[in-house]
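Keep in mind it's a predicted model, so treat the numbers as computed, not measured. Atoms considered below: every heavy atom in the structure, side chains included; atoms not considered: hydrogens, waters and symmetry mates. As the structure lists them, so they are numbered: ligands from 1, and atoms in each ligand from 1.
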Amino acid sequence: MTITLWGRESSANVQKARWVLGELGLGHEHIPLGGKYGGNRTPEYLAMNPNGLVPTLRDGELTLWESHAIVRYLAATYGAGSLWPEQPKLRALADQWTDWTATTFQPAWLDVFWTLVRTPEAQRDAARIASAVAASEKCFAVMDGQLARTPFLAGDQLTYADTVAGVAMYRWSTMPLERQPHPNVEAWHERLRERPAFRAGVEIDYAELVGRLSF
Ligand SMILES: N[C@@H](CCC(=O)N[C@@H](CS)C(=O)NCC(=O)O)C(=O)O
């Protein structure tokens with residue numbers, strides 16, 4: 001079975017899949033696409049992913065889009081007992097954090113990234129940035145409370161929930177802004193940084209995205 005992943009390495013949503021593929025040691029072909037590479041509006045690509053967005057994953061007969069669906073699929077298929085907790089209660093907690101990331105945390109931190117980093121300096125709106133930072137800080141406080149009790153979001157082990165939330169950390173910690181201290185989040189970030197697959201998949205320079213609203 002051959003796994004193929006399409007998507008530019010500078011995309012946070014692609015980074016989730018790349019980190020999980022690396023974490024599980026899954027050999028695959030990576031095809032950079034979208035952004036500066038283009039290729040995401042061709043009929044062939046739209047037939048796989050009608051949104052024209054990245055990432056898209058193919059594993060044998062299965063073609064899949066939506067980064068969280070991809071991460072859950074890889075964890076369920078290849079990461080039982082590690083990234084995929086086998087106990088339903090632990091998996092429910094991983095889903096809780098994964099869905100919260102999709103609906104609450106990622107929209108907040110990506111809003112900071114778009115208003116502060118991707119918006120050209122002359123067009124930046126300080127009030128909008130401040131409000132996005134405040135919304136993100138609330139999320140970090142929620143995570144900090146959990147990470148005071150457990151080393152990872154869903155308990156004692158790294159799960160897919162840490163991967164979808166954890167891709168935020170490289171950008172959050174390097175964006176030019178004043179951050180409130182969240183010691184348990186910072187300790188968790190250090191634990192993620194110990195993992196080679198995190199460093200290889202997530203710590204990707206984003207210079208090509210600075211001041212660029214076009215993709
Ligand atoms: N909800 C989707 C969002 C996908 C998405 O917005 N992808 C962005 C990159 S992060 C994209 O494809 N942008 C167009 C491009 O890169 O050309 C997911 O989680 O996979």
- Item | Heteroatom proximity flag, Leu53 to ligand 1, N/O under 3.5 Å | no

- Item | Heteroatom proximity flag, Glu66 to ligand 1, N/O under 3.5 Å | yes

- Item | Pairing of Glu203 and Arg193 as salt bridge, 4.0 angstrom limit | yes

- His68, portion touching ligand 1 at heavy-atom distance under 4.0 Å: neither

- the protein heavy atom lying closest to atom 3 (C) of ligand 1 turns out to be Asn13 ND2, 3.6 Å

- Message: Going by the closest heavy atom to atom 4 (C) of ligand 1, which one wins out of Leu110, Asn49, Val54?
- Response: Val54

- Message: If the cut-off is 4.0 Å to any non-hydrogen atom of Gly34, which atoms of ligand 1 fall inside it?
- Response: 17 (O)

- Message: I'd like to know whether CD of Gln87 has more than 12 heavy-atom contacts from other residues, nucleotides or ligands below 6.0 angstrom.
- Response: no

- Task: Can you pull out the closest protein heavy atom to atom 16 (O) of ligand 1? Residue, atom name and distance to 0.1 Å, please.
- Result: Arg8 NE, 2.7 Å

- Which atoms of ligand 1 are found less than 4.0 Å from any heavy atom of Pro55? 20 (O)

- Whether Gln96 side chain and Ala92 backbone form a donor-acceptor pair below 3.5 Å: no

- So which bit of Asn40 gets within less than 4.0 Å of ligand 1, heavy atoms only: side chain, backbone, both or neither? side chain

- Query: Counting both backbone and side chain atoms, is some N or O of Ser67 under 3.5 Å from an N or O of ligand 1?
  - Reply: yes

- Query: Do Glu9 and Arg18 pass the salt bridge (Lys or Arg N to Asp or Glu O under 4.0 Å) test, and can you show the C-alpha distance, the side-chain angles, and the key distance before you say yes or no?
  - Reply: CA-CA 8 Å; Glu9 52 287 283; Arg18 293 191 77 212; 5.1 Å; no

- Ser11 heavy atoms, cut-off 4.0 Å: which ligand 1 atoms fall inside? 9 (C), 10 (S)

- Query: Can you find an N/O atom of Gly35 closer than 3.5 Å to an N/O atom of ligand 1?
  - Reply: yes

- State whether Tyr160 and Arg72 meet the cation-pi test: NZ (Lys) or CZ (Arg) under 6.0 Å from the six-membered ring centroid, and within 45° of the perpendicular axis. no

- Message: In the structure I gave you, are the side-chain heavy atoms of Trp97 and Val164 within less than 4.5 Å of one another anywhere?
- Response: no

- Message: Is it the case that the side chains of Glu208 and Ser10 hold a donor-acceptor pair, with the cut-off being a distance below 3.5 Å and no angle test?
- Response: yes

- CZ (Arg199) with more than 12 external heavy atoms under 6.0 Å: yes

